[in-house]
Amino acid sequence: MAEMLKIDNIYKTFNRGTINEKHALNGVCLSLKEGDFVTVIGGNGAGKSTTLNAVAGVWPIDSGRIYIGGDDVSRLSEYKRARYLGRVFQDPMTGTAATMSIEENMAIAARRGESRGLSWGITKKERVSYREMLSTLDLGLEDRLSSKVGLLSGGQRQAITLLMATIMKPKLLLLDEHTAALDPKTAAKVLEISDKIIADHHLTAMMVTHNMKDAIAHGNRLIMMHEGKIILDIYGEEKKKLTVEDLLHQFEKVSGEEFASDKALLS
Amino acid sequence: MAILMALDPAALLRSMPGAFAQGLVWGIMALGVYITYRLLDFADLTVDGSIATGGAVAVMLIRLGINPWLALIFAFIAGMAAGFITGILHTALGIPGILASILTQISLYSINLNIMGRSNQAVSVDKYNLVVSLRYLSDSVSTKIQIFVTTILFCAVIIAVLYWYFGTEQGHAIRATGCNQQMARAQGINTNFHTVLALMLSNGLVGLSGALYAQYQGAADVNMGRGAIVIGLAAVIIGEVVFGKLCAGKHFAFAYTLLSVIAGAIIYYIVINIVLWLKLPSDDLKLFSAIVVAIFLSLPYLKTKYRGKEKQNG
């Protein structure tokens, strides 16, 4: 299988030379095959979201290379990398434009990576297909195409953001704690939708989560980060047998510290 | 009481056509303000300078013998250039939006003086075949009809074009940029490019409005734009407060919203004319405008605050 993502020894330091200097990424290396669905766990400040942001190009990395689908994207700006990526964020407000309607948001996503000219921003044919896509979510959104996204709940917005991230099949789907801001029931529903979309489209995906159970239950591969490095990488059969206790034990062994996130333990 | 008796209702009535025409002309500027303030979420003070630039360019070109209609197009382009400068200062050089626009506005003062060679230049309606003029309101019935047909058609065409444009892929990209930059970039939208584009379009309309207004009053003046942004904001906000509920959720809601901006400008000038009719000193007009805008700007905030309290009590 083809290599979909290759992160080659990337480093990133924030606030260099100040009292707040933070070595966020310390030589992260990762290679994902097409169809890999990797969950990313680790304590606060371990570099999980930072890794995703580095891949998305939110800011330039200090050194190292990033390849998506074989293309070197290390120097591409965020908006240019967007054509490779689908992204869902922790804050449900981030992934959608609140003052625009559901169909307008989807139409914008459907044109990701294309130049935006003077043809209609949304066509009749698109509306029909959006209605169909929304009905698969089973949230009753298919009858609210022209509603402003700002009127929807966090869970509904995350579900729409997921659709938007995958409406143009991305080479890589980045889910950055996308259920962390939702109530447990909604979070479970959004996770279920995520699983379904990833399976249906055979997507390559990275999912950052604080929840160890979710990290074990989803995907075919699990990586754990600590102090800007990947300290654990488990896949296939071995991952299926994992338990939360195993993970905690492994973490203490590799890092020499107690797992520092209450959120991960309590859930 | 004696003061009220001294007021002449007929005089107020006579001032209404002027208020209406002025509102239509300034309404075009208000549409420009709407694009930056509401769609792009950018407090663009370039307006005070670019409206005078539009007026100066049009007047100088007309004096050179260029067709007044053609002069409007050049005024539009000059306005776009002003918006481009603000956009580059903000996006390429990282200057906060409001400061970038103030820098452009200040520099335009000198540029406008250079365009005109002095602080004001007249275009006489007797010498040139102007698109609109104050004189048309008093000349004859046919010129009266002419000025209103022209200005109303002008506004209608601009609203139609804007309605179309903001329904295109590019228009969607501008709206997404104004609403949520992070989302826009994640969807592959070049937010810097679209910010500059919107500023150009906005200031183009402002320049056009300045060109029409210079023809209307028969002169361009380097100070004609002072406080223009306040009038533009007033029009946008009065339009929203008065017509907001009527526009929401309708088919063509966006077109109605644009229409309400023009209506807001007309209401503003009617109110100003009433104030003048009440014989309030015209020196205080800008103070009065600022107070009106402050009241309308604070209304939505106070409303939610008041409603919040009500809920808590209930």
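A, B, ... follow the sequence lines: proteins, then strands. Residue 1 opens every chain. Heavy-atom basis, side chains included; hydrogens, waters and symmetry copies ignored. Values in this document were obtained by computation on a predicted structure and should not be read as measured data.
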Has A/K189 got more than 12 heavy atoms of other residues, nucleotides or ligands less than 6.0 Å from its NZ? yes
Should B/R175 and A/E104 be marked as a side chain to side chain contact (heavy atoms under 4.5 Å, CB included) after you check the CA-CA gap, both sets of side-chain angles, and the distance that decides it? CA-CA 10 Å; B/R175 289 167 59 201; A/E104 284 169 342; 3.0 Å; yes
Mind checking whether B/I189 and A/I108 have side chains closer than 4.5 Å, heavy atoms only? yes
Of all heavy-atom pairs between B/T168 and A/L118, which one has the smallest distance, and what is that distance? CG2-O, 3.5 Å
Flag the one option from A/R111, A/R83, A/R87 with the top tally of heavy-atom pairs under 4.5 Å to chain B. A/R111
Any chance you could lay out the side chain to side chain contact (heavy atoms under 4.5 Å, CB included) test for B/H172 and A/I122, step after step, and finish with the verdict? CA-CA 9 Å; B/H172 277 187; A/I122 181 167; 4.2 Å; yes
Should we count NZ of A/K124 as having more than 12 external heavy atoms under 6.0 Å? no
Check whether more than 12 heavy atoms from other residues, nucleotides or ligands sit under 6.0 Å from atom OH of A/Y84, and answer yes or no. yes
Crowded around B/F74 CZ? As in, over 12 foreign heavy atoms under 6.0 Å? no
Take B/M183 and A/M164, measure what side chain to side chain contact (heavy atoms under 4.5 Å, CB included) needs, and give me the verdict at the end. CA-CA 11 Å; B/M183 172 270 190; A/M164 287 166 61; 3.7 Å; yes
Just checking A/F14: does its CZ atom have more than 12 heavy atoms from other residues, nucleotides or ligands closer to it than 6.0 angstrom? yes
A/N105, A/T96, A/T161: which one forms the most heavy-atom pairs within less than 4.5 Å of chain B? A/T96
One option among A/L174, A/T99, A/T94 has the most heavy-atom pairs under 4.5 Å with chain B, and it is A/T94
When you look at B/N190 and A/Y79, which way does the side chain to side chain contact (heavy atoms under 4.5 Å, CB included) test go after all the steps? CA-CA 6 Å; B/N190 184 345; A/Y79 84 89; 2.9 Å; yes
Does B/F84, at its CZ atom, have more than 12 non-hydrogen atoms belonging to other residues, nucleotides or ligands within less than 6.0 Å? no
Closest non-hydrogen atom pair between B/C179 and A/A98, with its separation: SG-N, 3.2 Å
So which of A/G57, A/S77, A/A56, A/G117 has the biggest tally of heavy-atom pairs under 4.5 Å with chain B? A/G117
Do you know which two heavy atoms are closest between B/E169 and A/W120, and how far apart they sit? CG-O, 3.7 Å
Report yes or no: do A/R116 and B/Q170 form a side-chain donor-acceptor pair below 3.5 Å? no
A/M168 versus chain B, heavy atoms under 4.5 Å apart: side chain, backbone, both or neither? neither
Heavy-atom pairs under 4.5 Å with chain B - which of A/A165, A/S119, A/S146 has more of them than the others? A/S119
Okay, B/Y165 and chain A: the region with an atom under 4.5 Å from a heavy atom over there is side chain
Determine the minimum heavy-atom distance between B/Q187 and A/A82, stating which atoms define it. C-CB, 4.0 Å
